[in-house]
Each structure stands twice: as structure tokens, then as C-alpha cells.
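Sequence lines set the chain letters: A, B, ... in the order given, protein chains first and strands last, and positions in each chain run from 1.
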Amino acid sequence: MVQKMSCGNAAFAAGNPTESLIRDAFLVSASKRITINPAFLDDEKLPEGERVAVLQEVFNRNIRLRQLERLARCLSPVLGGMLPPNVLVYGPSGTGKSVTCLHFLSTLRALCEARGIPFTFSYVDLTTPHTCFGALNELAIALDGRVRRYRKGIALDHMEETIIQTLNGRDGFMCVLVDEADNVTTDTDLFLTFLAKTLPKKAAPKLFYVFLTNRVEWEKTLDPRILSVLKKTDLIFEPYDAMDLVEILRLRVEKALDGSKVEEGAVRKIAAFASRETGDARKAVELLAKAVKLAEEGSGRLAEAEVDAAERSLELDKTEELIRSLARQQQLALQACYLGFAQRRGRLSTGDAFQVYADLCKAQGTTAISQRRFSDMLNFLDLYGLVNATVISKGRFGKTREMSPSLPSEVASRLLKQE
DNA sequence: ATTCCACCGGAAGGGGCGGGCC
DNA sequence: GGCCCGCCCCTTCCGGTGGAAT
């Protein structure tokens, strides 16, 4: 069909069937179109300015008000020229920790500016795990505003010195916001000691920190001496409740969609799903986007049925994503299990599964791992809910793990079709 | 009561690899 | 850029185990 379009004049001839075909297709999809501005359904694509505006709107609707109040109580001494305590913010992912804190700090900066109090803040993003060196690197980048990373292989002392030098060019109050502070994989204590002890002593600005983490037990893994030096205050960010999520979703609907094609019940249902699960706003928006896509392919209206379908489809996507992210051997083990299930009608013992797996390996020319390892792998697959495995005794015929399938049939059949 | 199956799961040791350091 | 050390993955070894069979 594409070729037909390219043949110049013919396309302009009256009554060209292809032309009307295209026009009809366009009209049908246009009539079903719900999205007006897709960028508002995907934070990654939203330009920085718009993102700030959306957030502003969220905060104007009194969402996260209590959390902002708590932050204000802790950090407002800055306005009086006093050094506030360090703050540790706990909260599950998607509860708006980072955005709320960023919003708060930039508002605080504006207030300070109006009063002539020098105040700056930097944002250190440790969302991807870092070694101590990597964390210092991120900190240095955040402070001096360069894009380029420092070269690997520089001594830690030297990194620390660089950071101190950078800070000594400034004065007044300075807040460092450390996102996902628990993500320092090695020498966490070293990193924190540097932040809590060395920097305040050697650097010119009056420093305080806001640490964000979603692991409540993080504090327990730290050296108690560091904790005492930190002199921190703890804040908790509760997950969004269904009402908050409804507000957040409504805002997105207003910005991104044709409101007349979106049913209120659908929005409430998404909020209910998301709040029942984790109260994660990102997940809620993701579910909204998926439901809209399904609605545009189908009825052209976003109703509760589309939400249900989207929720199910996301669930399937998630398991497939999980399977894709498995290591090669783990994938083979999983395939072997489901091959075995297909051959032996469901139930499968470790020995049987290992046999299938070994054959599979031979067929693909990979070397098989030992049965001991394979057994651990089955444990792992069970842990992730990709198979069901329970240890049972068959008396005289030994003890074994009996496995049964747990994946939805669509996923399982797609798994078997691979290669 | 004892035996015995078929595997479980802990321990120990080896090898490869990547991060930290110079 | 290159070396070294620690960590992780893997294998091998082996004592342990629940209940049908005897």
C-alpha cells in the first residue's frame, strides 16, 4: 500500500480508493483520539519548565501539604540566619520525596533572596547505585555544575579535596539534597563521614543536608558514631492516598487529554488500583497512559473497562520484562521448566527438570551448570513467582521439589516459542 | 522399627572479573 | 593505563531428611 502512495499524479486522481482509505483511517483514529498533549503522560518527555509548572499545580492543590509543613518546621530557621538540623526523609518510591523537597528548597531560596540571606542548594542524584568514589563524583559534579565526570582512578582524598575547594568559593547557607542516599554500595560510612564531619569543618558555607531514602532500615546499617555527628531529624512521607491520586490524575487528564472522553469513574478506578498497591504516583500515571492507549485502539472512550484491561496488560508486561531481564542460564532453566510442564502435564521434579534443561543446553550448544546450582536457580524462580515450587517427600521414592506452572498461559506459550 | 530413595542445602574452595588505587 | 584485591558465581562434597516400603 505504501508503494501506491509514492506514484505521483495518480494519488491526486479523483476517486482514488487508496486516498479515501487513508482519509477514512485518519478520520476513524481522529474520532477516537483522546490524547491532546501526550507529553503530559510521560514525565521523561516533559520539558523542564512544564514539569515545574505541573508540580506547582500539584502543590497548589494542597497535595503533600502536611509533608511540606514538616519540612518547613525543620528548615525554616535558615530565614533567621540559624543553621537547621540535617533531615532524613523516608518514604516509598513514587511518593514525591524528590519533587517535594526540590520544590520546597527552591521556594526557600526565593524567600531567602527576598530577605537578603545567601542560600543555595545542590541536588545529588544517586538513583543508580554508586561506589563511594562514584558518589563523591556525583557530588562534585552537582557542586561545580560540570557535565563531565572526573576521571576514574583518582585517589578518594583528592576527590574530597576538589569538593572542598569548590565549596570554599562560596559562603552563606548551603543545602545538599542527596537523593536515594542508601544507594552507596561500598564504604557508605566513609562517604557519610566525609559529608557529616569533614565537609562542615573544612568548607566555608554553613552546610546542612537533606537525605532521601526509601529504605526504613537504612539507618540501622550505619555506624552509630556517624548518626550522632549527623544530628538529624527524621521525616516520613506517607504514600499518596486515593484522594491525592485522584487529584494528580485529574490534573494530568486536564493537561493531556480530551476531558469529554474520559469518565470520572475510570480516573477513580486508576487511583484506587494505585493506592491499593503502593500509592505510587508514577505507577498511576503509567496506568493512565496505558488505559488511554487501549481506549484509542478500541472504543475511543476511557471507561472503567479500559482501566481493567490496562492493569492486566501492565501486569503481563511486568512479568515479561522480568523474564527478559533474567540471566541466560536462568532463562534456560525457566524454559526447561515450562517445556517439562508441557511434556509431563504440569507436575515436575527437580531431576526431571534438570534432565530437560540438560537436553536444552545440549541442543543449544551451551554448557549446563551443575544440578546443585540448578536447584538454587529453581528456588530463585519460585521466589520471583515464575514457577511454583514446594519441597515434598515421596517416601521411598525420595524427597524432591515439586514444581507447577504459575505464569499466565499467554506468557508461558510466548516463552516456549522463543528460539 | 528399619531401610532407603532422591534430592535438599550448608560449607569450602577455585576461578574470573571489575572496581579502587597508584 | 595497569596491577591487585575482594566479591561473586560456580562446582564439589557431604551430612541430613520425610515418609513409603519392607
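- Evaluation of atom-type donor-acceptor distances gives no pair under 3.5 Å for the side chain of A:S393 against the base of C:dG19.
- In this view, A:R33 satisfies the salt bridge (Lys or Arg N to Asp or Glu O under 4.0 Å) rule with no residue, not counting sequence neighbours.
- By the side-chain hydrogen bond (donor to acceptor under 3.5 Å, both in side chains) test, A:Y240 is found to be paired with no residue, residues two or more places apart in sequence or in another chain being considered.
- Between A:R347 and A:D352, no side-chain nitrogen of the basic residue sits less than 4.0 Å from a carboxylate oxygen of the acidic one, so the salt-bridge criterion is not met.
- Applying the side chain to side chain donor-acceptor pair (under 3.5 Å) definition to pairs two or more places apart or across chains, those involving residues 365-385 of chain A are A:R372-A:D376, A:S375-A:R401, A:N379-A:R401.
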Begin with the C-alpha distance, continue with both residues' side-chain angles, and end with the deciding distance and a verdict on salt bridge (charged side-chain N to carboxylate O under 4.0 Å, His left out) for A:E296 and A:K293.
CA-CA 5 Å; A:E296 286 182 338; A:K293 190 161 164 275; over 6 Å; no

Can you tabulate the close N/O pairs, meaning under 3.5 Å, that link protein atoms to atoms of nucleotides 5-9 of chain C?
none

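- Overall, the helix from B:dA1-C:dT22 to B:dC22-C:dG1 carries an axis bend of 10° between its ends, with five pairs at each end and the value rounded to 10°.
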Once base and sugar-phosphate atoms are separated, protein heavy atoms under 4.0 Å mark nucleotides 4-13 of chain B, 5' to 3', with B, S and - as SBBSSBB---

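- Using a 4.0 Å cut-off between charged nitrogen and carboxylate oxygen, A:R312 and A:E315 do not count as a salt-bridge pair.
- In summary, the aromatic rings of A:F341 and A:Y338 are positioned with their centroids under 6.0 Å apart.
- With hydrogens and angles disregarded, no donor-acceptor distance shorter than 3.5 Å links the side chain of A:Q331 to the backbone of A:R328.
- Not a single donor-acceptor pair under 3.5 Å links the side chain of A:T35 to the backbone N or O of A:N37.
- Using a 4.5 Å cut-off on side-chain heavy atoms (C-beta onward), A:L381 and A:M403 make no contact.
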